[in-house]
Structures are given as structure tokens and as C-alpha cells.
Amino acid sequence: LLSNLVLRNTLAEAQKKVVEGSALASTLKQTEIFSPMAIHLIANGENSGQLATLLARAAVMQDTSLKRLIDAGLV
């Protein structure tokens, strides 16, 4: 469960769109939360049938990026 209400609500709306049939990558891109590289990996995962693998890779990238921002005192 996400404690950030803005993030939680944004991702809940994205989830609804995906359930309704929208592509995950394009839906997440519209949220402007994820990096372009993460969106690219997710889109490639959707297109290649390797979504789980590329979602995991995108998660590691996002985590690494956030840790760098925290260590630099930017977040």
C-alpha cells in the first residue's frame, strides 16, 4: 500500500485504464511518474511477451535512481 496519496490515486487511475484495455506503457507514460527508460522497457516487455522480466528491470532502475537522488540530498 502506498502512503503517498497523490501517487496512490494516480496509479489507481492508471490501473483502471489498463483493466479497460489500454496499454500499460502508454498509460504509465501519461502519469509522468516513471522515467522514459522505464516506459521504454515496459513497452518492449508488452511487445515481446517479456513484460515480467522488463518490469523487474524497470523497477531496479527506478529504485537505483531514487537512491541516488536521496544520497545526493535532492529528495
Side-chain angles (χ1 to χ4, degrees):
L1 185 63
L2 293 171
S3 59
N4 182 311
L5 291 178
V6 173
L7 185 58
R8 185 184 331 168
N9 291 338
T10 300
L11 293 177
E13 283 299 314
Q15 179 184 10
K16 288 178 188 176
K17 290 179 182 177
V18 170
V19 168
E20 292 170 354
S22 295
L24 179 61
S26 62
T27 300
L28 293 179
K29 183 177 181 179
Q30 292 172 2
T31 69
E32 299 181 354
I33 293 171
F34 299 93
S35 70
M37 181 56 77
I39 298 299
H40 178 73
L41 287 171
I42 294 166
N44 283 343
E46 286 181 300
N47 293 331
S48 68
Q50 298 290 321
L51 183 57
T53 300
L54 292 174
L55 274 172
R57 190 175 300 166
V60 169
M61 285 179 39
Q62 290 287 121
D63 185 57
T64 301
S65 177
L66 181 58
K67 285 178 181 176
R68 285 185 185 145
L69 290 172
I70 291 169
D71 289 345
L74 300 173
V75 176

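In this chain, numbering begins with 1 at the start of the sequence shown.
R68 is linked by a side-chain contact (heavy atoms from CB on, under 4.5 Å) to T64, counting only residues two or more places apart in sequence or in another chain. In this structure D71 satisfies the salt bridge (Lys or Arg N to Asp or Glu O under 4.0 Å) test with no other residue, sequence neighbours excluded. In this view, L7 and L2, N4, L11, I33 satisfy the side-chain contact (heavy atoms from CB on, under 4.5 Å) rule, not counting sequence neighbours. Looking at residues two or more places apart in sequence or on another chain, you find no side chain to side chain donor-acceptor pair (under 3.5 Å) involving N9. Among residues two or more places apart in sequence or in another chain, the side chain to side chain donor-acceptor pair (under 3.5 Å) test is passed with S65 by none. Partners of N44 according to the side-chain contact (heavy atoms from CB on, under 4.5 Å) rule, which considers only residues two or more places apart in sequence or in another chain, are H40, L54.
Hydrophobic clustering, defined by side-chain heavy atoms of Ile, Leu, Val, Met, Phe, Trp and Tyr closer than 4.5 Å, leaves V6 isolated from every other such residue.
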Got a list of side-chain donor-acceptor pairs under 3.5 Å for residues 14-23, not counting sequence neighbours?
from	atom 1	to	atom 2	distance (Å)
K16	NZ	E13	OE2	3.4
K17	NZ	Q30	OE1	3.4
S22	OG	K17	O	3.4

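Cluster annotation: I39 is not connected to M61 through the hydrophobic network of ILVMFWY side chains, with a link wherever side-chain heavy atoms come within less than 4.5 Å.
Taken to the nearest 0.5 Å, the CG atom of L41 stands 11.0 Å off from the OG1 atom of T53.
Each salt bridge (charged side-chain N to carboxylate O under 4.0 Å, His left out) pair with one or both residues in residues 37-64, not counting sequence neighbours, appears once here: D63-K67.
S35 and Q62 make their closest contact through OG-OE1, 3.1 Å (heavy atoms, listed as atom of the first residue, atom of the second, distance).
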